[in-house]
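Letters A, B, ... mirror the listed sequences (proteins, then strands); counts begin at 1. No experiment lies behind these values; they were computed from the predicted model shown.
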Protein chains: 2
Amino acid sequence: MKTPSKETQAAWRALLSVSKSLVESIERDLKAADLAPLAWYDVLLEIEKAGEDGIRPFELQERLLLPQYGMSRLLDRMDTAGLIRRETFGDDRRGQSVFLTPEGKAMRERIWPVYAGFLADRIGGALSEKDAIVMRDLLRKLA
Amino acid sequence: MKTPSKETQAAWRALLSVSKSLVESIERDLKAADLAPLAWYDVLLEIEKAGEDGIRPFELQERLLLPQYGMSRLLDRMDTAGLIRRETFGDDRRGQSVFLTPEGKAMRERIWPVYAGFLADRIGGALSEKDAIVMRDLLRKLA
DNA sequence: CCTAATATGATGCAGGTGCATCTATATGCT
DNA sequence: AGCATATAGATGCACCTGCATCATATTAGG
């Protein structure tokens, strides 16, 4: 049987517990500030980056690593919350394009300072720039 | 406003996406082999490590970073599945001690090869021992 | 052209999670 | 002792997620 080394196991356990703790931490910060959760931020940002023409749900899925039904429902909720708008367009009538509403743009802009504070504090405050680069490179090896 | 560096942001994004992908990957492997999910394995292992006297739910919560209600319900499900057993004991009648059933022990032992294969392959195969140590140390700085 | 296969997105259902609250027991304070 | 406080664990409710499947539109193959 393949047996992972102690070092491998320790790295994995650290990865699991640290990422879990950090995600819970930022989610708490956002909730405490009455803001949308992290997943919403990512969607808002991707839509904003996409610009004028909006973006297709299936592109969002791919970029954000969500299953199709997950993105479908996330967009439902964000639509209900008035942060985005979906339009079917003539080209391919199966599909749609997603756009930010002004409220969506505003929400993204209100989230960023909280998120930035978290990142600067919890990540930037703990890792030097060199550390951060090393870590990113090691993580990429795992991807 | 605190602004996180590019390096900080890249490390964070890598942490999020890699840990997410890896967790999904092992969960898929376990499901495909008709085994219990990762969280159950951790619980089974902690109980087994605790030995003869069993372990208290609140200790499991602390060690596995689960909220109280989360552990309560996880133990419900594992109990229903016949993998664990809960006993109230005379000392403190608010509390209980949790034990493995033989089926629980067997489940843990069936999960391990799959988990070990995943770790050896996806983590050990991608990171040298030195890499793994560096990564664990960097992650600990974030904890 | 007509049919099969594929792509895009939605949805019913079962089960998991967060939050607040509840019950029961134990401990501390006066 | 008597009452407030704290600790251990369970639970109702709303919401979220995974899985399977559906509906519709498009593309490919004969």
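Separating the CZ atom in B/Phe58 from the CZ atom in B/Arg63 is a distance of 9.5 Å, to the nearest 0.5 Å. With rounding to the nearest 0.5 Å, the separation of CG in B/Asp76 from OH in B/Tyr69 is 14.5 Å. Atom CD1 of A/Ile111 sits about 10.0 Å away from atom CG of A/Leu45, to the nearest 0.5 Å.
For A/Lys20, there are no salt bridge (charged side-chain N to carboxylate O under 4.0 Å, His left out) partners at least two apart in sequence or on another chain. Remark: B/Asp137 engages no residue in a salt bridge (charged side-chain N to carboxylate O under 4.0 Å, His left out) (not counting sequence neighbours).
Mapping heavy-atom proximity under 4.0 Å, the span of DNA chain D touched by chain B runs 5' to 3' from D/dT7 to D/dC19.
Residues B/Arg77 and B/Arg94 each lie close to DNA chain C; by heavy-atom proximity, the contact nearer the 5' end of the strand is made by B/Arg77.
B/Gln9 contributes a side-chain N or O that, together with a main-chain N or O of B/Pro4, makes up a donor-acceptor pair within less than 3.5 Å. Proximity of a side-chain donor or acceptor of B/Ser97 to a complementary backbone N or O of B/Asp53 within less than 3.5 Å is detected. The backbone N or O of A/Leu83 lies less than 3.5 Å from a partner atom in the side chain of A/Thr101, making a donor-acceptor pair. For the pair B/Arg56 (side chain) and B/Gln96 (backbone), a donor-acceptor distance under 3.5 Å is present. Remark: side-chain polar atoms of A/Ser21 are not paired, donor with acceptor, to backbone N or O of A/Val18 under 3.5 angstrom. Between the B/Ser5 side chain and the A/Glu129 main chain, no donor and acceptor come within less than 3.5 Å of each other.
Across residues 53-75 of chain A, A/Arg56, A/Pro57, A/Phe58, A/Gln68, A/Tyr69, A/Ser72, A/Arg73 each have a non-hydrogen atom less than 4.0 Å from an atom of DNA chain C (numbered order). Contacts between residues 40-49 of chain B and DNA chain D, counted as heavy-atom distances below 4.0 Å, involve no residue at all. Using a 4.0 Å cut-off on heavy atoms, the residues of residues 20-34 of chain A that approach DNA chain C are A/Lys31, listed by number.
Shown here for B/Leu100 and B/Arg85, the closest heavy-atom pair between the two residues is O-NH2, 4.4 Å.
Ring pair A/Tyr115/B/Trp12 is perpendicular by interplanar angle, where above 60° counts as perpendicular and below 30° as parallel.
Across the protein-nucleic acid pair, A/Asp76 atom CG and C/dT11 atom P stand 7 Å apart, rounded to whole Å.
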